[in-house]
Peer 1: 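Please find one structure pasted underneath; my questions will follow.
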Amino acid sequence: MDAKVRRLVEFVLDTQHVQWSAQKVLPGVEPRRRELFFSVGSRTEAQVAHPNMLSWKLPQWTRRAVRSSTGAVLLSADTFDRLAEGESEPITARVPSVLTLDVLCAALLAGHRLLYGVWPESAEALVDYVGEWEQGHTETVGEYEHALGTVFYAALKLWPSETAQPPREVLELMARVVMTARSLPELTRLPDALIPPAVSRRLKADALLYRAELSRAQCVQLDIPLGDDPDETPRRVDALFLSSFQDVTVLRLLARGDTTHTHYGQGFDFMALHISRTEHSRAWHSFSLTPERAGTLGALAGELDELEGPRLSDGTPRTRGTRRFERQPNDYSDPWYSDGYASSTGRATMVAGPYSGTRLSRRELWEHLWSRFNVGRHVHVLKAHTLFARPFLWRGPAPDVELLSRGFRRCDLSLQGAAFHPAVVNSFLGSTHEADVLHYEKPTEGHTVHVSVYPNRLVAVWVVRTLAKATSLYALAQEQAALVDGRALWELQPLRALAPWLSPLGAERWFVYGAYRISRGRSSMLDDSRSMQGLFHALASGTEPTLEKLPSEAAAESRRVLRDAAGETEHWLCPTGGARLEFLIEEEERGPLATDRDALLFLLTMGQRYSAFETSRRMAEVEQRYRTSRWQSLRPARSVRSDVMLFTNSLWHTRVSEDPDINARYLAWHSLHGLQETVEAMKDQAAELDQYKRDQFDRMVGLLVFVFLPISLACGFFSGAQFEDMSLAVGIPGTTTGWLIFLGYTAAFTVLVFGTVFLARVMNWRKR
């Protein structure tokens with residue numbers, strides 16, 4: 001090690017010259033005569049500048065466009081020359097509880113000035129480099145494995161400090177850099193000889209660890225307003241919500257350089273990091289927006305601070321006191337920090353971890369950010385026509401009589417399904433009284449309640465809700481999810497009257513299908529990002545648009561069926577519903593949204609799905625009875641073959657229309673619900689049941705023929721002989737009454753056997 005480097009390291013570590021303190025600095029406290037504040041302390045704009053306060057975020061330095069505490073040290077030569085004059089008392093360095101690159105570089109520059117009376121040759125280059133780092137311009141500070149910033153933080157992770165004093169290994173590394181570097185390029189790419197092998201190995205491992213962390217991170221997009229007003233025109237950024245044990249700055253540098261996993265290929269502008277440190281009892285969170293890009297987080301730090309509530313993570317009350325910064329929105333002594341609090345220019349693009357423990361989990365914080373900056377807030381839905389449907393089993397009297405007595409009226413949906421095949425119209429759309437499915441409706445309270453009655457006592461209840469006023473995509477998805485999971489739909493008067501007869505079947509929530517008209521002209525960036533796909537998925541499924549329920553990009557993409565020829569309509573399907581999205585470049589007047597063929601396809605496939613489930617269940621019950629009782633074939637069994645008449649009348653056809661667009665969506669519903677597999681399973685189940693009953697019947701016929709008929713013959717023969725008291729050889733037919741009795745027994749048992757066979761065949765016959 002060079003003698004000058006060794007002397008600088010020993011000077012900084014010698015407590016007779018420098019004493020390090022990480023004690024928290026309360027608001028308004030000033031440094032003593034031989035005390036220096038590095039990146040700590042607060043001061044209002046009205047107060048006179050204090051030469052020993054070397055935090056670049058203070059008004060005295062922001063007015064001079066200083067970008068780092070290292071830069072503040074370089075402008076304070078007089079202060080250090082005064083401290084170096086003839087005083088033997090040690091200098092106290094007050095630093096943050098967590099050592100940073102800026103703090104250590106500032107301390108080394110200060111130590112060099114105190115020790116040698118001059119600045120090192122690398123001073124200006126070091127100030128420029130650290131200024132870029134502090135401002136968040138991490139993509140400009142060098143290659144990851146050789147940049148000064150990443151080398152420093154990797155060394156700090158390898159040799160952590162248990163006190164406020166920097167570790168010797170880290171100090172020696174940084175002192176060599178300060179003494180040998182001459183220009184900014186040398187700092188962005190350190191020579192291999194300066195980087196310890198352990199640090200080099202750590203940096204290479206960090207890149208691999210980051211990729212592993214990314215696999216469980218949330219990669220979404222957010223709309224950041226360009227001003228403090230929430231309704232300000234937004235800028236969409238790629239956001240990374242990451243939970244990691246690694247260093248914040250290292251992750252930030254890696255994420256900013258990661259263009260592969262971002263939608264626009266520019267790296268993650270918005271960062272949300274969660275760092276759990278075992279040596280601390282709290283979790284650290286950090287949120288940031290790339291400073292050089294337009295946009296602001298505004299009062300996010302104050303909002304998060306209010307979200308904390310009046311108590312700390314341990315349950316004790318939070319203390320209040322003097323504000324740390326003039327622009328701080330509250331008087332909590334442990335606020336979340338935003339650099340906007342200390343900036344007279346109103347810059348507010350970064351929110352760092354709180355000064356003391358937080359009780360908020362990373363999930364709570366991420367969901368709060370997602371709800372506040374959700375991309376759907378700036379997508380305008382002009383009109384919405386939504387169906388909320390749910391299947392039930394009817395447990396009451398004849399449904400048609402009961403529904404008519406409750407004020408429902410028959411409705412014919414054949415006009416909306418004019419594009420379907422006639423067989424589908426006649427069977428499903430209720431065009432005649434002989435249809436397999438009958439539909440009833442009853443308007444009420446701004447909604448229309450529909451009831452569709454299927455052959456096997458399956459009842460589909462669906463509520464039509466029309467929204468003609470403009471709203472945002474995010475608000476509509478939230479409102480729709482509240483109806484799906486809440487009790488509002490159940491409080492409608494027609495449903496309250498039918499409640500005793502409706503037994504929920506299958507799903508525990510309402511299914512959703514909606515037609516939505518969206519304005520492209522007033523909507524912000526309707527791209528194909530994961531966030532936008534997630535919002536469309538929320539509309540189609542009726543789920544709340546939360547970050548936790550956001551589907552993967554691949555899952556959302558697989559639900560998209562097609563665009564029409566004009567490119568103005570998209571169809572989205574999911575297991576619990578679907579949506580037809582109509583995009584308008586200009587807000588022109590078009591016909592009202594209504595129950596159309598898309599909604600009818602939704603109702604058709606939903607009815608098929610649950611009719612198939614119910615029919616399969618009833619067939620299983622019949623099969624179980626036949627397997628548990630030998631004599632079932634002699635008893636009349638309730639027919640289940642008639643329950644599938646709905647499907648034999650065209651609804652299991654692979655085509656429902658001559659229109660390929662309609663057929664494509666119909667096949668998409670079938671594939672999504674696995675109906676083809678269900679049909680095959682029902683066929684196999686029916687064939688197995690038929691074969692089992694046939695085998696049982698054949699065994700029973702054999703038992704009757706080969707047991708009862710010989711007995712009847714023997715009984716008739718012997719009874720005819722005994723009535724005449726003669727030998728058996730004398731019984732000639734027509735001459736003795738015994739043979740008449742014999743013929744009577746034979747006829748009776750013959751009728752019994754073959755009559756039983758005939759009746760069993762008739763009672764167990766099921767039409768196909």
Peer 1: Is the Tyr513 to Phe602 ring centre distance short of 6.0 Å?
Peer 2: yes
Peer 1: By the salt bridge (Lys or Arg N to Asp or Glu O under 4.0 Å) test, which pairs, at least two apart or in different chains, include something from residues 461-484?
Peer 2: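 Residue pairs with at least one partner in residues 461-484: Arg465-Glu479.
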Peer 1: Within a strict 4.5 Å, meaning less than it, do heavy atoms of the Arg410 and Tyr440 side chains meet?
Peer 2: yes
Peer 1: Could you tell me whether the side chain of Pro575 reaches within less than 4.5 Å of the side chain of Phe511, counting heavy atoms only?
Peer 2: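 No, too far: nothing below the 4.5 Å cut-off.
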Peer 1: State, yes or no, whether a side-chain contact exists between Phe392 and Pro504 at a heavy-atom distance under 4.5 Å.
Peer 2: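 Yes; the side chains approach each other to less than 4.5 Å.
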Peer 1: Please check this pair: side chain of Ser671 against backbone of Leu667, looking for a donor-acceptor N/O pair closer than 3.5 Å.
Peer 2: no
Peer 1: Nearest 0.5 angstrom please: Gln608 CD to Leu458 CG, how far?
Peer 2: 11.5 Å
Peer 1: Under the side-chain hydrogen bond (donor to acceptor under 3.5 Å, both in side chains) criterion, do Gln493 and Thr444 qualify, and how do the steps go?
Peer 2: CA-CA 7 Å; Gln493 189 274 334; Thr444 178; 5.2 Å; no
Peer 1: With distance as the sole test, does Trp394 use its side chain to make a donor-acceptor pair with the main-chain N or O of Tyr454 at under 3.5 Å?
Peer 2: no
Peer 1: Rounded to the nearest 0.5 Å, how far apart are CD1 of Ile518 and CG of Leu382?
Peer 2: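 Here the rounded value is 8.5 Å.
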Peer 1: Determine whether the aromatic ring centres of Phe536 and His571 lie less than 6.0 Å apart.
Peer 2: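 Between Phe536 and His571, the centre distance exceeds or equals 6.0 Å.
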Peer 1: State whether the number of non-hydrogen atoms from other residues, nucleotides or ligands found under 6.0 Å of Glu586 atom CD is greater than 12.
Peer 2: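 Counting neighbours around CD of Glu586, 12 or fewer heavy atoms of other residues, nucleotides or ligands fall under 6.0 Å, so no.
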Peer 1: Tell me, do Met532 and Val375 make a side-chain contact under 4.5 Å, heavy atoms counted?
Peer 2: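 Yes; the side chains approach each other to less than 4.5 Å.
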Peer 1: First locate atom CG of Leu495, then atom CG of Leu502, and finally report the distance between them rounded to the nearest 0.5 Å.
Peer 2: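 Answer for the CG-CG pair, Leu495 versus Leu502, is 7.5 Å.
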Peer 1: Taking Asn663 for the side chain and Val656 for the main chain, is one N or O donor matched with an acceptor at less than 3.5 Å?
Peer 2: yes
Peer 1: Which is it for His439 and Phe428 under the ring-ring contact (aromatic ring centres under 6.0 Å, His included) test, yes or no, and what are the steps along the way?
Peer 2: CA-CA 9 Å; His439 303 278; Phe428 174 70; 5.5 Å; yes
